[in-house]
There are 2 protein chains.
Amino acid sequence: MKYIPTKIRNRPYTDALRRLKEGKLRPTKQRLALSKLLFEGEDRHLTAESLYEEACSFGIKVSLATVYNTLNQFTEAGLLREVVVAPGRSYFDTNTHHHHHFYCKEDDNLKDISEDQISLTILPDPPADMLIDRVSVVVHLKRNHKSDDDNNY
Amino acid sequence: MKYIPTKIRNRPYTDALRRLKEGKLRPTKQRLALSKLLFEGEDRHLTAESLYEEACSFGIKVSLATVYNTLNQFTEAGLLREVVVAPGRSYFDTNTHHHHHFYCKEDDNLKDISEDQISLTILPDPPADMLIDRVSVVVHLKRNHKSDDDNNY
DNA sequence: CAATAGAATAGAATGATTCTAATATATATT
DNA sequence: AATATATATTAGAATCATTCTATTCTATTG
């Protein structure tokens with residue numbers, strides 16, 4: 001079982017509530033519960049489906065549609081960031097700081113790369129009347145099947 | 001109407017055929033026709049649906065499933081590159097050279113950035129037993145609604 | 001030119017996500 | 001505190017992109 005510091009255990013909804021207020025979202029039972037799952041503990045990468053299952057397993061009464069709504073609203077409000085790595089694989093990232101990702105398709109695994117570990121210079125100006133919103137760097141990985149290759153020679 | 005050089009007009013399938021051979025794919029009627037649409041002329045970004053519609057409008061008898069198959073096979077064979085920019089928006093890019101993209105969600109528009117216009121240094125090593133396959137940089141743009149904002153002040 | 005391996009096809013199936021219309025709940029108003 | 005209202009939640013239907021399936025067709029091989 002995961003260790004949760006006393007401080008957090010004793011005021012279980014203050015942080016979740018603060019975030020909802022931050023996003024001007026009504027603190028409903030479902031949003032509070034999902035917010036708690038999302039933001040309590042370490043940064044996470046999750047899909048709507050995975051959060052839905054997690055919520056169910058904790059006995060939270062919520063529908064998949066509400067999980068989708070909530071994730072989209074949280075993203076809209078800047079509480080989450082959406083990461084698109086492969087077709088039909090959309091993740092929500094609780095780390096909203098500017099950062100990047102390693103992604104391995106084979107094991108469908110995402111890993112953060114902090115901003116200061118990538119240096120990036122973009123020379124071309126954005127097209128007229130456009131501003132740069134954000135820059136997403138995805139470093140696609142493949143397994144190093146060293147032995148397989150070696151055995152062919 | 002688009003100008004097509006005489007050279008290409010006169011030998012319409014030589015290039016398409018060459019590419020199919022390159023990918024060890026049988027030169028069927030559909031593949032040849034799609035290859036022609038894809039690679040004749042400038043570099044393009046397209047979806048399965050858009051290529052399907054284009055083919056239909058040219059009177060090419062092909063099914064959507066075959067367009068999907070063909071795009072996937074071409075990508076597999078290295079004749080195309082898949083670009084993922086937003087959930088449920090997967091593009092195929094006829095430019096297979098290493099390069100990056102501007103993407104504007106509002107008008108769902110992709111624009112190339114050539115490799116030499118972005119300088120990138122990735123400090124962290126990939127996780128153990130992993131190699132870097134490729135690095136995808138997407139510069140997300142938003143419209144600069146300058147006048148709208150100004151009018152509020 | 002017949003045999004066969006591979007490809008194309010229509011339509012069904014899937015999977016992720018969004019929509020709909022009914023019901024329930026949170027906040028504002030009295 | 002009771003009521004009004006605006007907003008959320010819900011189950012299930014609908015949608016969209018994509019893949020699968022089983023059949024028919026076609027390019028290559030002998």
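The chains referred to below are lettered A, B, ... by the order of the sequence lines, with proteins before strands, and numbering in each begins at 1.
- More than 12 heavy atoms of other residues, nucleotides or ligands sit less than 6.0 Å from atom CD of B/Glu106.
- In this structure, B/Gln30 places its CD atom 18 Å from P of D/dT24, rounding to the nearest Å.
- Residue B/Gln117 qualifies as enclosed at atom CD: its count of foreign heavy atoms under 6.0 Å is above 12.
- Going from atom CG of B/Leu71 over to atom P of D/dT18 covers 10 Å, rounded to whole Å.
- At whole-Å resolution of the value, CD1 in A/Ile60 and P in D/dT9 are 13 Å apart.
- Residue B/Thr28 is classed as a sugar-phosphate contact, given heavy-atom separations below 4.0 Å to backbone atoms only.
- When the shell of 6.0 Å around CG of A/Asp129 is examined, it contains 12 or fewer heavy atoms from other residues, nucleotides or ligands.
- B/Leu141 places a side-chain heavy atom less than 4.5 Å from the side chain of A/Ile132.
- Distances shown here put every side-chain N or O of B/Thr47 at or beyond 4.0 Å from the OP1 or OP2 atom of D/dA17.
- Residues A/Thr70 and B/Glu49 both approach DNA chain D. Their nearest nucleotides, taken by heavy-atom distance, put A/Thr70 toward the 5′ side.
- Spacing between atom NZ of B/Lys29 and atom P of D/dC25 amounts to 12 Å, rounded to whole angstrom units.
- At a cut-off of 3.5 Å, with distance as the only test, a side-chain donor of B/His45 or B/Asp112 sits close to an acceptor on the other residue.
- Taking side-chain N and O atoms only, A/Gln73 has no distance below 4.0 Å to OP1 or OP2 of D/dA8.
- Extent of DNA chain C lying under 4.0 Å from chain A heavy atoms, first and last nucleotide in 5' to 3' order, is C/dA16 to C/dT27.
- When the P atom of D/dA8 is taken as reference, atom CG of A/Asn69 falls 10 Å away, rounded to whole Å.
- If you measure from atom CG of A/Leu20 to atom C1' of D/dA8, you get 13 Å, rounded to the nearest angstrom.
- Of the side-chain N and O atoms in B/Tyr68, none sit less than 4.0 angstrom from OP1 or OP2 of D/dT19.
- Atom CG of A/Leu64 and atom P of D/dA11 are 10 Å apart (whole Å).
- Using a 4.0 Å cut-off, some side-chain N or O of B/Asn72 falls inside it from OP1 or OP2 of D/dT19.
- Residue B/Asp93 is tested with B/Arg81, B/His99, B/Arg44 for a side-chain hydrogen bond (donor to acceptor under 3.5 Å, both in side chains); the sole match is B/His99.
- Proximity of a side-chain donor or acceptor of A/Ser57 to a complementary backbone N or O of A/Glu54 within less than 3.5 Å is detected.
- Between the P atom of D/dA11 and the NZ atom of A/Lys61 lies a distance of 6 Å, rounded to the nearest Å.
- Within 4.0 Å (heavy atoms only), B/Pro27 reaches sugar-phosphate atoms of the nucleic acid but no base atom.
- Side-chain N/O atoms of A/Arg31 include one lying less than 4.0 angstrom from OP1 or OP2 on D/dA8.
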